Structure formats: C-alpha cells, structure tokens
Q: 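One structure, as structure tokens, below. Some questions next.
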Amino acid sequence: MRRCTSTLDRAAVERDVVIMKRWFKLFETASRHLQAKERGLFVVVVGCMLIAAGCMAITPYILGVLTDRLLEGRASHDVLVLLAGAYLATVAMPRILQTVALHRQSSLRVHANRSLLSSYFNYLCEQPESFFTSRNSGELSQEVTQASNDLYVIIRNFSSSIISPIVQISIAIVILALNRDLIVAAAILIYAVLFLTNNAIQGRRLMQLRDGLMEAGRKSYATLSDSISNIAVARQYNGYDFLLSRYRAVLDEDRHAQGRYWAVSLQMQIINALLFVGFFGVSFGVALYGVVHGERSVGSMVLVGAYTLTLLAPIEGLGNMLTEITQSLRTFGVFMDKLESVRPSSRRHAEVVPMSSFQPAIEFDDVSLIYPGATVPALRGISFSIAPGQQVVITGPSGAGKTSIIKALTRQYSPGTGSIRLFGQDIATIDVRTLSDRVGYVSQEVFILKDTLRFNLKIARAEASDEEILHSLEKAGLGDLVPSLPAGLDTILGNRGATLSGGQRQRLALARLFLRKPDVVVIDEGTAALDIVTEQRVLEECLTTFDGKTIVIVTHRPSAMVLGDTLIVVQDGRVEDSGKHDELRSRNGFLSRVLSGAAS
C-alpha cells in the first residue's frame with residue numbers, strides 16, 4: 001500500500017513538473033511568435049485586471065467605514081459624500097476595466113490565432129499523404145479548433161483567474177489583519193488552501209478523463225463530417241439507417257465519456273460547496289458574536305460579510321483555473337509540440353535547386369515503397385533516370401505502381417529503401433516548398449476550393465493577373481468557361497467543384513499548371529476524364545508551353561503514349577521495359593495488347 005502511494009505521489013510530482021515546463025515553454029513560444037502589438041495587448045489586459053482587483057479588494061473596507069460613520073451620526077456631510085463616492089467608484093471601476101480587458105483579450109486571441117493557424121498550415125504542408133489517409137478534415141479542423149479554445153482559456157485564466165484573485169485575497173487578508181479580524185483572515189486563508197487542494201486533486205482525475213472526452217469528441221466530429229461528405233453513398237444504396245447507426249454508436253461513446261467526466265466534476269463541486277458553507281459559517285458567526293457582545297462595530301460585521309461574499313468568486317475562479325488551465329496547458333502543449341516539429345526550412349522561402357545539364361533531371365535508384373498498413377510493396381527496387389528536357393511516358397496495367405512512382409517523386413510518401421534525386425540532389429534533403437515549386441504536378445484527383453474561380457486558379461500563383469488566368473484557361477481548353485459563368489472569374493464554384501463536370505475540373509487543374517513555371521512537369525492520369533480529341537490538344541499544349549522542360553506523363557491511353565520520347569513500362573512494382581515507342585510495341589506484351597485493342 002505504501003509503495004502504491006509513493007508511486008502515485010511521484011506520478012503527481014512528475015505531472016506538476018510537466019505543467020511547469022509547459023508554462024515556461026508557452027512563455028518562450030509567446031515571446032518568439034507574438035508581435036509587439038500582441039505583447040502590448042497582453043500588458044493592457046493584465047494592467048486592467050490588476051487595477052480592477054485592487055478596487056474590488058478595498059470596496060468592502062470602504063463600505064464598512066461608511067456604515068460605521070452613518071451609524072455614529074457624527075461624520076460630516078463632506079466625509080459621507082467622499083466615502084459614498086469612493087464606494088461607488090470602486091464598484092463601477094472594475095466593471096469598466098473588466099469590459100476593456102475582455103475586449104483586449106478578444107483582440108489578443110484574434111492576433112494569436114492568426115499566428116497559430118499560420119503555424120498549423122506550415123505543419124500540415126510538411127506532412128506526407130499517409131498523414132491525411134489516417135485523418136479526415138473533420139478531425140484536423142477539430143484539432144485546431146480545440147487548440148484555439150485552449151489558447152483562449154490560457155490567456156483568459158492567466159489575466160483574470162490568476163493575477164486578479166491573488167491580488168484580491170492578499171489585500172483582503174492584510175486589511176482584515178489590520179482590522180484585528182485574525183480569525184476571519186485565517187479562515188479565508190484556510191478555505192483558499194483547502195479549495196485549491198481539492199481542485200488540484202480532482203483536477204488530475206478530470207485531466208485524465210478529459211483526454212478520453214476529447215478523443216470521443218474528435219471521433220464523433222470526424223464521423224459526422226465523413227457521413228455528411230458521403231451522404232450520396234447512402235442515397236445510392238438506401239443505406240441511411242446503416243450510416244446513421246455508425247454515428248449513433250460514436251455518440252454513445254461520447255455520451256459515456258462525458259458522463260464519467262461530469263460525475264467527477266460534480267463530486268468536486270459538492271466538496272467545494274461544503275467548504276464554503278464551513279468558511280461562511282465561521283466568518284459570519286465570529287462577526288455576529290462580536291457585534292452581539294459589543295466587541296466589534298456593525299461596520300466591522302459588514303466588512304467581514306462583504307469580504308466573505310466578494311472573495312467567493314475569486315477563490316473559486318482560482319481553484320477552477322487550476323483544473324481548466326492544467327487541462328488546456330496539457331492539450332495545447334501537445335499541439336505546440338507538433339508545430340515545433342516543423343523543420344525551420346519550411347518557414348523560409350523556397351531554395352533554388354541547382355540545375356545541371358550533366359545530371360539527370362529525375363533519377364530513381366533502387367527505390368522500394370510499402371504503404372502504411374500494407375504488406376505487399378508498391379514499388380520493388382525501381383531504377384531509371386530521365387534526362388533534362390526529356391519527355392517520358394510511364395505506362396502499365398492498373399495497380400502496377402505508376403502512381404506510386406509519382407507519389408514517391410513528389411514526396412507524398414517516403415521510400416523504404418533507395419534514393420530519388422532531382423538534378424542530382426536527393427529529394428529527402430529538399431524542403432517541401434522548394435520541391436513543390438520545382439515540380440509541377442497534376443493528378444487524376446482534382447481539389448477544388450469552395451471559392452471563386454479566380455481564387456482557385458491563383459492558388460497556383462498568387463501574383464497571376466486576370467490576363468494570365470484567362471490565357472491559362474484558354475490553353476487548358478476552358479476558354480468558353482468564364483463567359484458562361486454568371487460572375488465570370490468571381491463566380492463561386494460549388495463544394496469540391498460540384499458545379500463543374502469531371503472534364504472541366506481536370507482542365508482547371510491543367511490551367512493551374514499553365515500558370516506555373518516548374519522545371520519538371522508531371523501529369524498523372526491528369527487527362528483521364530477528357531475525350532481523346534481534347535486530351536490530345538491539351539497535352540500538345542503542355543509540350544509546347546513547357547518545351548525544354550522535363551515532362552513525365554503517366555497514362556494507359558494509347559493516344560497519349562506516342563507523345564513521349566521514351567516509354568517506361570511498369571509491372572508489379574518494377575520497371576519491366578523501357579525504350580522508344582516503336583521498339584516497345586513489338587517486344588513488350590502489355591504495350592502490344594493495349595495498341596492492338598486500340599486498333600480494333
């Protein structure tokens with residue numbers, strides 16, 4: 001039993017040490033990320049709360065003195081007016097200052113959130129595709145929303161629930177001691193200590209339960225987001241009840257997690273209420289006894305009663321803060337650890353990859369790749385090189401590994417073995433932004449934002465003019481799109497491009513490519529939704545626009561295979577064959593079957 005208690009004590013101490021480290025790290029991070037204006041806002045908030053706390057702390061004293069002067073009937077009119085004015089001022093001033101502080105807190109939160117979201121976007125940009133396959137947008141949105149809420153809790157509690165209560169309690173104890181109300185002063189101190197101790201003990205339990213509560217909340221939010229996104233599947237197969245049953249099961253888990261959390265919270269509040277009854281009873285009893293036996297004035301009793309009631313809120317605020325801020329510091333600290341894991345290079349502008357005509361533009365050297373959770377490799381010792389300015393077509397049957405090659409090249413997934421070099425430089429040493437700047441990539445899956453057509457194109461190059469945007473649309477075969485839209489480039493596209501056809505979405509992705517100036521162009525089935533005539537015209541436009549650049553086209557269409565200088569045939573995760581189109585059509589079985597099928 002003693003060993004178990006000792007283990008629990010050590011665990012509690014370790015948690016307290018972690019919390020202190022979180023505080024220091026939070027201040028270090030804030031000093032590094034917050035701008036001068038944001039620091040100024042923080043100083044204003046703290047200053048307002050300090051003055052407000054001082055006013056609230058001396059209000060009971062002024063009320064007690066005023067009561068005595070009124071009962072004595074000897075005070076002059078000027079003194080009474082002065083005391084009444086001081087009382088009203090100390091009552092009104094905290095309300096005004098707290099309103100100002102709340103406004104400044106909100107401004108500080110907005111400014112801090114801007115820095116927070118910027119860092120979070122950097123973090124997401126650094127993640128490989130495997131990161132997003134295990135998380136949906138609902139989970140990620142909930143994560144940053146929770147971090148934003150935690151940040152606000154920390155800002156609010158530090159300025160309102162730490163500084164203000166400590167100032168109020170300290171001034172109250174000093175005034176009571178000077179007024180010779182030592183028993184009441186001691187009762188306040190004991191009540192505060194017991195209250196904080198209870199909240200600290202119960203808070204540790206709540207912190208553990210909160211992890212499960214947050215996980216259940218994220219899961220329910222993610223399930224709801226996934227269900228809404230895929231409601232068309234339920235409509236297609238009449239699976240509404242089945243889809244709803246999944247969400248109900250997740251909600252049940254969330255309800256049980258909340259039940260456990262609030263049961264402990266209720267227990268904590270009941271103990272706190274009993275502590276207050278004891279504190280109030282002692283303080284009021286001592287004051288009343290003194291008045292009845294003529295040992296104290298009525299004003300002194302008013303002073304004690306006022307302090308008993310006015311200190312209830314700050315002491316409770318300080319106790320609740322321990323629970324709330326400890327929980328927020330823990331979860332916010334984990335979130336900040338993620339953001340700090342982003343490499344410094346991702347926060348700089350893209351570095352220039354050295355170009356050399358003597359080095360291959362793309363070189364795969366014995367590259368193998370296994371997707372997370374898979375047991376069969378997608379790529380098995382892939383090796384090939386592509387010279388600068390060369391136009392290469394990669395083909396092969398479905399599931400052969402064509403797209404896996406591109407995902408490895410664009411660092412969506414990291415290879416298990418081997419290396420990939422871009423103009424002689426290992427891509428593992430190139431930061432993501434530089435790689436994205438140098439490799440223009442269009443895939444079969446097109447991402448459309450629910451925003452204007454202009455915004456959806458300028459995401460490829462923010463400084464692009466309207467003239468350049470229209471020219472890129474013309475190149476992609478969408479020259480007639482803008483005149484047909486009600487607001488032209490300012491037309492809001494539907495959710496995920498629902499207002500566009502599949503072919504239009506793919507051509508929009510190609511228009512984004514035409515706005516860029518990459519050194520390597522990769523089109524991975526990026527024309528699969530187009531008819532053959534449109535595909536031929538758009539691909540020829542790509543070859544013309546990016547003449548002299550290295551171009552890689554992944555396709556299974558015979559009409560596109562003739563566009564490359566060289567064909568690479570992939571089979572079962574390996575390079576099965578490579579060479580000129582005319583050479584391979586006679587010796588490669590897959591290519592022969594594809595071309596024969598097209599001819600028939």
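Computed from a predicted structure; not experimentally measured.
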Q: Run the salt-bridge test on D572 and R380 with the 4.0 Å N-O cut-off and return the result as yes or no.
A: no

Q: More than 12 non-hydrogen atoms from neighbouring residues, nucleotides or ligands closer than 6.0 Å to CD on E467, yes or no?
A: no

Q: Between the side chain of T545 and the main-chain N/O of C542, is any donor-acceptor distance below 3.5 Å?
A: no

Q: Can a salt bridge be assigned to the pair D365 and R421 using a cut-off of 4.0 Å between side-chain N and carboxylate O?
A: yes

Q: Which atom pair, heavy atoms only, marks the closest approach of P518 to G440?
A: CB-N, 3.3 Å

Q: Would you say the side-chain atoms of S227 and R246 include a donor-acceptor pair closer than 3.5 Å?
A: yes

Q: Which pair of non-hydrogen atoms, one from P415 and one from I420, has the smallest distance, and what is that distance?
A: CG-CD1, 4.3 Å

Q: Tell me yes or no: between the side chains of D366 and S383, is some donor less than 3.5 Å from an acceptor?
A: no

Q: Minimum heavy-atom separation for F546 to L513, with atom names?
A: CZ-O, 3.5 Å

Q: Strictly below 4.0 Å, N to O, side chains only: are K549 and D519 in salt-bridge contact?
A: yes

Q: Got a sec, which residues hit ring pair (Phe, Tyr, Trp, His ring centres under 6.0 Å) with F447, two or more places apart in sequence or on another chain?
A: none

Q: Of all the heavy-atom pairs spanning G389 and T550, show the shortest one and how long it is.
A: N-OG1, 3.1 Å

Q: Do you know which two heavy atoms are closest between L369 and S404, and how far apart they sit?
A: CD2-O, 4.0 Å

Q: Please test T410 against Q412 for side chain to side chain donor-acceptor pair (under 3.5 Å), starting from the C-alpha separation and ending with a verdict.
A: CA-CA 6 Å; T410 53; Q412 297 175 53; 2.9 Å; yes

Q: Against E525, only a single residue in K402, Q506, H556 fulfils side-chain hydrogen bond (donor to acceptor under 3.5 Å, both in side chains); can you say which?
A: H556

